[in-house]
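Taking it in order: structure first as structure tokens, then the write-up.
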There are 2 protein chains.
Amino acid sequence: MLNMRSAPAAEDSTARARIRDAAVLRFSREGFGTSLRTIAQDAGVSAALVVHHFGSKDGLRQACDEHVLAVIRDQKREALGPSGPTEMLARMAELDEWAPLVGYALRSMQAGGDLARAFLDHFAADAEEYLREGVAAGTILPSRDEVARARHLTVMGYGAFLLDIALHPPEDPADLRAYLHGYLERTGLPAMELFTQGLFTDRSMLDAYLMYVTDPPAEA
Amino acid sequence: MLNMRSAPAAEDSTARARIRDAAVLRFSREGFGTSLRTIAQDAGVSAALVVHHFGSKDGLRQACDEHVLAVIRDQKREALGPSGPTEMLARMAELDEWAPLVGYALRSMQAGGDLARAFLDHFAADAEEYLREGVAAGTILPSRDEVARARHLTVMGYGAFLLDIALHPPEDPADLRAYLHGYLERTGLPAMELFTQGLFTDRSMLDAYLMYVTDPPAEA
DNA sequence: GCCCGCGCTGAACAAGCGTTTAGTATGCTG
DNA sequence: CAGCATACTAAACGCTTGTTCAGCGCGGGC
């Protein structure tokens, strides 16, 4: 299963880290429109000190981006499981101290930009590797384009999750775990059905699509 | 195919409508943080007149919500096609004068709230009807929970699309059509493969999941 | 002791925002 | 004609925000 590294230790208790962590938490819960003054208050410092340490609000966000990306990149991958393509984030969210990082990553994906792309690239690469192994092991069907498939599954998985959050915001933003369980209850069956049997009874639409892209139906 | 109503006529040229349309356009392109002054300028009026007509910025947004929802609810449904569960919006986006409405709907879904839920409920209901017809016609596999499936397909379709937009914002926000074509090129194949054949080579994970939810594997 | 660097603060600044206020112009009705 | 309603405006108001400024306190090195 997931080789989960220990949660980020609280060994770094300088004001700089305190501010950064307060920012990650607040940004993850309320979005990137949160005011600098709110974050400063959370961290128990003045707004001017935040700017002193990070140069500006943008600088603070940049520092949070780098921190969260580094931590998440450090995790071993488990790209597919009962929660679908979002399995890795789901596992991380099971540990309370990881929840702000997960929330921050989700906020970033929603907002777009370089960090979002970095996250998705990371997750898609993991998914691709996992799918290739599954194909080799005979548990996953081969695809005509493994890269595009991995990419699309990842975007679908996170996209669906993000939209679900937007539609039904968690009552307690801190309890990502409960939210994920509810999400799995709602979506587990249709997702499993789709992954297991697909949707169409025959391959006529796939064939039509392949004809459309000037690729004749493959012999298989 | 889609029975497309005519695009919203420009018969309503009062200042009120002009303001509302300017707001829909600007909100769809730049999000709901757009300032009232910007919208007023677009409409060629003062900010005070906007407030005079709509009571407040929130009132303006409410009016836009109602307008866009009414127009979209008026469309006949085509819930599934080559672009997947987002087929209806895809068809609407083919007409340039509909693009701001489509963009507004997408922004609303991303933002969450009542309007987002109204849109998703509408689309999911359409999808459910369409899927039931497909099942009856023998082109679509039956599901153990038709409602959940329709819902999930809809959320997946729109969620993936929204995330794709966030990751790769259109160069020209007005040209939704070009964006959709690019999206279809990137995702058409993996989506068709998934809908046609699923992902797993056998049904062991579906069975495991069904056991997990205390539902023994069905005879079929 | 003096100087420097660092951590830190409260107050002030400048800009932008949604909203309110006071007023003008026009058309309609009695 | 006067009064009213409607459409519309520019200016002002009050608030929030990110940022800048001037200053204090402490510790370390010479």
Side-chain angles (χ1 to χ4, degrees), chain A residues 10-68 100 104 107-108 110-115 173, chain B residues 10-68 100 104 107-108 110-115 173:
Chain A
E11 85 286 326
D12 189 5
S13 56
T14 60
R16 197 176 196 279
R18 239 173 40 242
I19 295 166
R20 187 201 62 215
D21 290 347
V24 167
L25 183 60
R26 188 62 81 160
F27 282 144
S28 74
R29 291 184 179 178
E30 304 191 5
F32 295 111
T34 307
S35 79
L36 199 73
R37 284 179 165 90
T38 299
I39 293 162
Q41 187 172 3
D42 289 346
V45 300
S46 69
L49 188 64
V50 177
V51 174
H52 172 77
H53 277 295
F54 297 95
S56 66
K57 187 180 179 185
D58 279 346
L60 171 63
R61 172 138 181 225
Q62 182 73 15
C64 294
D65 282 1
E66 288 163 9
H67 173 66
V68 174
Y104 190 94
R107 289 278 183 193
S108 303
Q110 199 170 37
D114 287 343
L115 185 65
Chain B
E11 84 287 323
D12 188 4
S13 56
T14 60
R16 196 177 196 279
R18 237 172 44 242
I19 294 167
R20 186 201 62 213
D21 291 346
V24 166
L25 183 60
R26 188 62 82 159
F27 281 144
S28 74
R29 291 185 179 177
E30 305 192 6
F32 295 112
T34 307
S35 78
L36 198 73
R37 286 177 163 90
T38 300
I39 291 162
Q41 188 173 359
D42 289 346
V45 300
S46 69
L49 188 64
V50 177
V51 174
H52 171 79
H53 277 294
F54 297 96
S56 65
K57 188 182 179 183
D58 279 345
L60 171 63
R61 171 135 182 228
Q62 183 73 15
C64 294
D65 283 0
E66 288 163 7
H67 172 67
V68 174
Y104 190 93
R107 288 281 185 191
S108 302
Q110 200 170 36
D114 288 345
L115 184 66

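Keep in mind that the numbers below use all heavy atoms, side chains included, and drop hydrogens, waters and symmetry copies. All of these numbers come straight from a predicted model, not from anything done at the bench.
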Output the single nucleotide from dT21(C), dT17(D), dT19(D) whose closest atom is nearest the side chain of L36(A). dT19(D)

With a 4.5 Å heavy-atom cut-off, do D42(B) and L25(B) have their side chains touching? no

Please report, rounded to the nearest Å, how far the C1' atom of dG18(C) is from the CG atom of L49(B). 15 Å

Once you round it to whole Å, what is the distance between P of dG16(C) and CD of E30(B)? 15 Å

State, yes or no, whether a side-chain contact exists between V45(A) and R18(A) at a heavy-atom distance under 4.5 Å. yes

State, with a plain yes or no, whether a side-chain heavy atom of H67(B) is found less than 4.5 Å away from one of D21(B). yes

Nucleotide dG7(C), atom C1' - distance to CZ of F54(A) in whole Å: 13 Å

Please report the distance, rounded to the nearest Å, between CD in Q41(B) and P in dA10(D). 12 Å

Donor-acceptor pair, distance only, cut-off 3.5 Å: does the side chain of R107(A) make one with the backbone of S28(A)? yes

Given dT20(C), dT17(D), dC21(D), which nucleotide is nearest the side-chain atoms of S35(A)? dT17(D)

Could you give the CD1-to-P distance, from I19(B) to dA7(D), as a whole number of Å? 10 Å

Apply the side-chain contact (heavy atoms from CB on, under 4.5 Å) test between F54(B) and each candidate in Q62(B), R61(B), R16(B); give the one that qualifies. R16(B)

Could you work out how much the helix from dG1(C)-dC30(D) to dG30(C)-dC1(D) bends, comparing the axis of its first five pairs with that of its last five, to 10°? 30°

Calculate the interatomic distance between H52(B) atom NE2 and dT20(C) atom C1'; express it in whole Å. 14 Å

Write down the atom of A15(A), the atom of H53(A), and the distance for their closest heavy-atom approach. CB-NE2, 4.1 Å

Send over the distance from L60(A) CG to dG18(D) C1', rounded to a whole Å. 12 Å

Check every atom of dT9(C), dT9(D), dC8(D) against the side chain of H53(B) and return the nucleotide holding the closest atom. dC8(D)

Side chain proximity check, F27(A) to S108(A), heavy atoms < 4.5 angstrom: no

Using a cut-off of 4.0 Å on non-hydrogen atoms, how would the nucleic acid contact of S46(B) be classed: base, sugar-phosphate, or nothing? base

Is any side-chain N or O of R37(B) under 3.5 Å from a base N or O of dG18(C), one able to act as donor and the other as acceptor? yes

How long is the line joining CZ of R16(B) and P of dT6(D), in whole Å? 14 Å

